[in-house]
K.L.:
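Just dropping this structure here.
Along the sequence shown, residues carry numbers from 1.
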Amino acid sequence: MNTFVKTRPYSAAGQLALAVCCGTLTGAGLILPTSAAAQTATTSRAATINSSTVSTANLLEEIADLASMTRYPTPAYLTKQFSSYDRASTAADKPGWFANADHGKYVRSEERNGRTEHVMMDATGPGAVVHIWSANPSGVLRVYLDGSATPVLEGEMVSFMNGNAGPVPAPLSEITARGHNLYFPIPYASSCKITVESADHARLYYTIAYRAYEAGTPVQSFRREQLDTLRPQIERAATRLSTPRGEGIWPTEVRPFTVSLAPGASTTLADLSGAKAITQFLVRLRPEISEAALRSLVVRMSFDGKQTVEAPLGDFFGTAPGPNPFTSLPLGITPDREMWSHWVMPFRRAARIQILNMGREAVVLRGQIGATPYRWTDASMYFYAGYIGRYDVATRPMPDLNVLKVNGQGVFAGLAYAVDNPERRWWGEGDEKITVDGEAFPSWFGTGTEDYFGYAWCDTSEFSHAFHAQPRAEGPGGCAGGRGHWGRASNNRFHILDRIPFQRSLNFDMELQHWAEAKVNVASVAYWYAKSGSTHSFAPLKPADLVVRVMPEYTPPAQVAGAIEGESMRVITNTATAQAVPQEGLPPGLSGEAHLWWHYTPKPGDRLVLGFDAPRAGTYRVVGRFVKARDYGTMQFSINGKTAGAPIDFYDQEL
């Protein structure tokens, strides 16, 4: 077999030094063939990295390294989160557990040099910031490291997170469906404090994920000048994340397959032996395969005699139902229905991949499974994936839906999440709640389901990113200009640099917090790695778990006959930085269940001029219907430049 030459080293910061000798390159246990030219390039690149010290350079190398996921981290760390979640949430058995004012909450506020800075993160000990998200970054962001009174980073928060004119290139910094994400690693030796100075701080939504290393871990703290000195490496990391399918580890052993599966039939796609890792799983679908058939095909994987994967085939590849195209680092689906996985799945002795047809349709599948030699050590872990299908889940009272409960030692790696929503209103106000090793309160407590998946404001734009995607979002209807709530939505997120290690256990609950009282269907696949002897709570799949329900027919919202809808009026002038956009999916009773939303807090004196057409010249009585809320203000209306009535206060504490 002609072997592929891989020039990029697969290393893990602080785990395993790279070594080139005797025609092989080793990194995180993989043994990859290489050429003399590749050895020279790799040796030069590896020489710039001291793998025993956590540094920006090391973390940039790790950012796309799927092979490093297979080993429990050394040096050890926990991955935790600071966020603006509603502090009324204190315990599952107390009022406020589903409180939803997830903005403007901080560790504290500080006065410094005549300004007020709101502290979003304050951590001591060695660590590294690995992800920052915000729905509405505003004001000045400052990052203080190791007790210094001088920030190592200072500037407009949005400039660090928009992927355009800021110092960090896309997709290390990128806006995905109105969610602002920063994946640039910021290590620190002894402490990190992140603050924001903003006039709109009370409305700010944010999450910050960080690694907390064990005491004594050597860390080289980030320095501002590294944005320049490490520019080639930063650009290389950005390129790797921009073309994530190219980051797959080319297999040295390939097993092609073509199988026909009648209803109720099963077959083995591959039996592998020896110390190896599956590094490629590729399935090509025929155009005529239905969503129901793809959901009814179940993939099972066993490693060293233990089954660790059982999931519907399409859901396993990160989107459901159906083969909805997207591209991420570990998984993807092409527009011509080629599904591919780059998850690295190691084993010591043997591996088996099987397909079962639990549906009613005969199917034909083509594809291949590829493996690479792997050096198993005491730190090595098995790959797991588990599926849960839930139907007719009531949204009242609000529930926590468990997507993963595992005991043992391992790392959480990602989640695919699909919702069938029969309502026009938004389904995803719920927060992620992740508890590690039995902690009393979740170390991850988020600000909204869409926020966890990297976007914001219930936006239904379909997008792909190396670490998160929304491959499917149907409409019509929407929120803040989005296209739809009603219908099917498919989201995923993969924790690579922000993987979440656990020593004894991990529990992941996702709140189901819907704007309406309804019944929805929810399908989820959790991905994780764990040591031998770990256990989980997933039950064996049955055909009843694999149904693709027919969605009810969409019913458009009622509108007041002859009314001029505010959300359809022309915006002539907007002097504010605030946006004026439609917000849809509002309660029944509001004409069209939508309104014009002038949000991001316009300042006193700002003007919004809207245009509408009168059928003919004359004298008219103008009647308006408006919405109140706890974060709305007082407005003065004018028509044709003349004041119309007294100012109206749209504030309401209860709404």
K.L.:
Any side-chain heavy-atom pair from L401 and R390 closer than 4.5 angstrom?
P.N.:
yes
K.L.:
Using atom types as modelled and distance alone, determine if a side-chain donor or acceptor of Q81 lies under 3.5 Å from a backbone N or O of A209.
P.N.:
no
K.L.:
Tell me the closest heavy-atom pair linking M339 and G314, and the distance in Å.
P.N.:
SD-CA, 4.4 Å
K.L.:
Run the numbers on F502 and W528 for side-chain contact (heavy atoms from CB on, under 4.5 Å), then give the verdict.
P.N.:
CA-CA 11 Å; F502 52 93; W528 74 101; 4.3 Å; yes
K.L.:
How about H465 and N181: does a side-chain donor come under 3.5 Å of a side-chain acceptor?
P.N.:
no
K.L.:
Are Y210 and F82 close enough that their ring centres sit under 6.0 Å apart?
P.N.:
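Under 6.0 Å, so yes.
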K.L.:
In the structure I gave you, are the side-chain heavy atoms of S464 and H468 within less than 4.5 Å of one another anywhere?
P.N.:
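No, every pair of side-chain atoms sits at 4.5 Å or beyond.
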K.L.:
Just checking, is any N or O donor in the side chain of Q503 or D437 under 3.5 Å from an acceptor N or O on the other one?
P.N.:
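Not at all, the side chains of Q503 and D437 share no donor-acceptor pair under 3.5 Å.
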K.L.:
Stepwise, does the ring pair (Phe, Tyr, Trp, His ring centres under 6.0 Å) test hold for W340 with F281?
P.N.:
CA-CA 6 Å; W340 51 270; F281 180 27; over 10 Å; no
K.L.:
Check whether S266 reaches the backbone of L356 with its side chain - one donor and one acceptor, N or O, closer than 3.5 Å.
P.N.:
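No.
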K.L.:
Whether R211 and E62 form a salt bridge (side-chain N of Lys/Arg under 4.0 Å from carboxylate O of Asp/Glu) is what I want to check.
P.N.:
yes
K.L.:
Has D431 got a side-chain atom pairing as donor or acceptor with G448's backbone, closer than 3.5 angstrom?
P.N.:
yes
K.L.:
Does R493 count as lying over the ring of Y452, i.e. NZ or CZ under 6.0 Å from the six-ring centre, within 45 degrees of the axis?
P.N.:
yes
K.L.:
What do the steps show when you test F303 against F383 for ring pair (Phe, Tyr, Trp, His ring centres under 6.0 Å), and what is the final call?
P.N.:
CA-CA 9 Å; F303 300 101; F383 175 79; 7.4 Å; no
K.L.:
Of all heavy-atom pairs between Y85 and G446, which one has the smallest distance, and what is that distance?
P.N.:
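Closest pair (atom of Y85, atom of G446, distance): CB-O, 3.4 Å.
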K.L.:
Measure the acute angle between the ring planes of W426 and Y455, then classify it against the limits of 30° and 60° as parallel, tilted or perpendicular.
P.N.:
perpendicular
K.L.:
For L541 and P312, which heavy atoms make the closest approach, and how far apart are they?
P.N.:
CD1-CD, 4.1 Å
K.L.:
Using only atom types and a distance under 3.5 Å, with no angle test, would you say the side chain of D420 pairs donor to acceptor with the backbone of V520?
P.N.:
no
K.L.:
Could you tell me whether the side chain of S83 and the main chain of F445 form a donor-acceptor pair under 3.5 Å?
P.N.:
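The answer is yes, because a donor-acceptor pair under 3.5 Å joins these two groups.
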K.L.:
Looking just at side-chain N and O atoms, do N491 and Q470 make a donor-acceptor pair shorter than 3.5 Å?
P.N.:
yes
K.L.:
Report the residue from Y384, W444, F508 that forms a ring pair (Phe, Tyr, Trp, His ring centres under 6.0 Å) with F412.
P.N.:
F508
K.L.:
Is V129 close to I208 at the side-chain level, that is, under 4.5 Å between some pair of heavy atoms?
P.N.:
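Yes, their side chains come closer than 4.5 Å.
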K.L.:
Would you please test F467 and Y183 for ring pair (Phe, Tyr, Trp, His ring centres under 6.0 Å) and show each step?
P.N.:
CA-CA 9 Å; F467 299 138; Y183 282 102; 4.7 Å; yes
K.L.:
Does T435 use its side chain to pair, donor to acceptor, with the backbone of G438 at less than 3.5 Å?
P.N.:
no
K.L.:
Give the C-alpha distance, both sets of side-chain angles, the deciding distance and a yes or no for side-chain hydrogen bond (donor to acceptor under 3.5 Å, both in side chains) between N324 and T319.
P.N.:
CA-CA 6 Å; N324 306 295; T319 178; 3.0 Å; yes
K.L.:
Whether the side chain of S490 engages the backbone of A320 through a donor-acceptor N/O pair (distance < 3.5 Å, no angle test) should be reported.
P.N.:
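Yes: the side chain of S490 pairs with the backbone of A320.
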K.L.:
Do E361 and P263 touch side chain to side chain, with heavy atoms closer than 4.5 Å?
P.N.:
no
K.L.:
Specify the closest pair of heavy atoms between P501 and V411, including all atoms of both residues, with the distance to one decimal.
P.N.:
CA-CG1, 3.7 Å
K.L.:
Between R549 and D392, does any side-chain N to carboxylate O distance fall below 4.0 Å?
P.N.:
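Salt bridge flag = yes for D392 with R549.
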K.L.:
Is E291 paired with R472 through a side-chain N to carboxylate O contact shorter than 4.0 Å?
P.N.:
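Judged by the 4.0 Å cut-off on N to carboxylate O distance, R472 and E291 do form a salt bridge.
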K.L.:
Considering non-hydrogen atoms only, spot the tightest contact between N492 and P471 and give its length.
P.N.:
ND2-CG, 4.0 Å
K.L.:
Could you report the tightest heavy-atom contact between P346 and V344, atom names first, then the distance?
P.N.:
CD-O, 3.5 Å
K.L.:
Would the distance check show the side chain of S534 and the main-chain N or O of A530 forming a donor-acceptor pair, the cut-off being under 3.5 Å?
P.N.:
no
K.L.:
Carefully, step by step, assess E439 and S443 under the rule side-chain hydrogen bond (donor to acceptor under 3.5 Å, both in side chains).
P.N.:
CA-CA 8 Å; E439 58 197 356; S443 51; 2.6 Å; yes
K.L.:
Walk me through whether N507 and N402 qualify under side-chain hydrogen bond (donor to acceptor under 3.5 Å, both in side chains).
P.N.:
CA-CA 8 Å; N507 188 84; N402 184 258; 3.0 Å; yes
K.L.:
Return yes if a side-chain donor-acceptor contact under 3.5 Å exists between N136 and H180, otherwise no.
P.N.:
no
K.L.:
Does R366 come within less than 4.0 Å of E338, counting only side-chain N to carboxylate O?
P.N.:
no
K.L.:
Would you sort out whether T395 and L512 count as a side-chain contact (heavy atoms from CB on, under 4.5 Å), showing the intermediate values?
P.N.:
CA-CA 7 Å; T395 63; L512 178 58; 4.2 Å; yes
K.L.:
Assess whether side-chain contact (heavy atoms from CB on, under 4.5 Å) is satisfied between T268 and I353, documenting all intermediate values.
P.N.:
CA-CA 6 Å; T268 297; I353 298 182; over 6 Å; no
K.L.:
Mind running ring pair (Phe, Tyr, Trp, His ring centres under 6.0 Å) on F317 and W343 for me, showing each step along the way?
P.N.:
CA-CA 10 Å; F317 283 96; W343 287 119; over 10 Å; no
K.L.:
Under the side-chain hydrogen bond (donor to acceptor under 3.5 Å, both in side chains) rule, what do Y387 and E310 come out as? Steps first, then yes or no, please.
P.N.:
CA-CA 7 Å; Y387 169 85; E310 186 180 47; over 6 Å; no
K.L.:
Check for me whether K433 meets the cation-pi criterion with F98, that is, NZ or CZ under 6.0 Å from the six-membered ring centre and within 45 degrees of the ring axis.
P.N.:
yes
K.L.:
Between H595 and L590, is a side-chain contact (heavy atoms from CB on, under 4.5 Å) present by the stated rule, with each step listed?
P.N.:
CA-CA 8 Å; H595 73 158; L590 192 69; 4.3 Å; yes
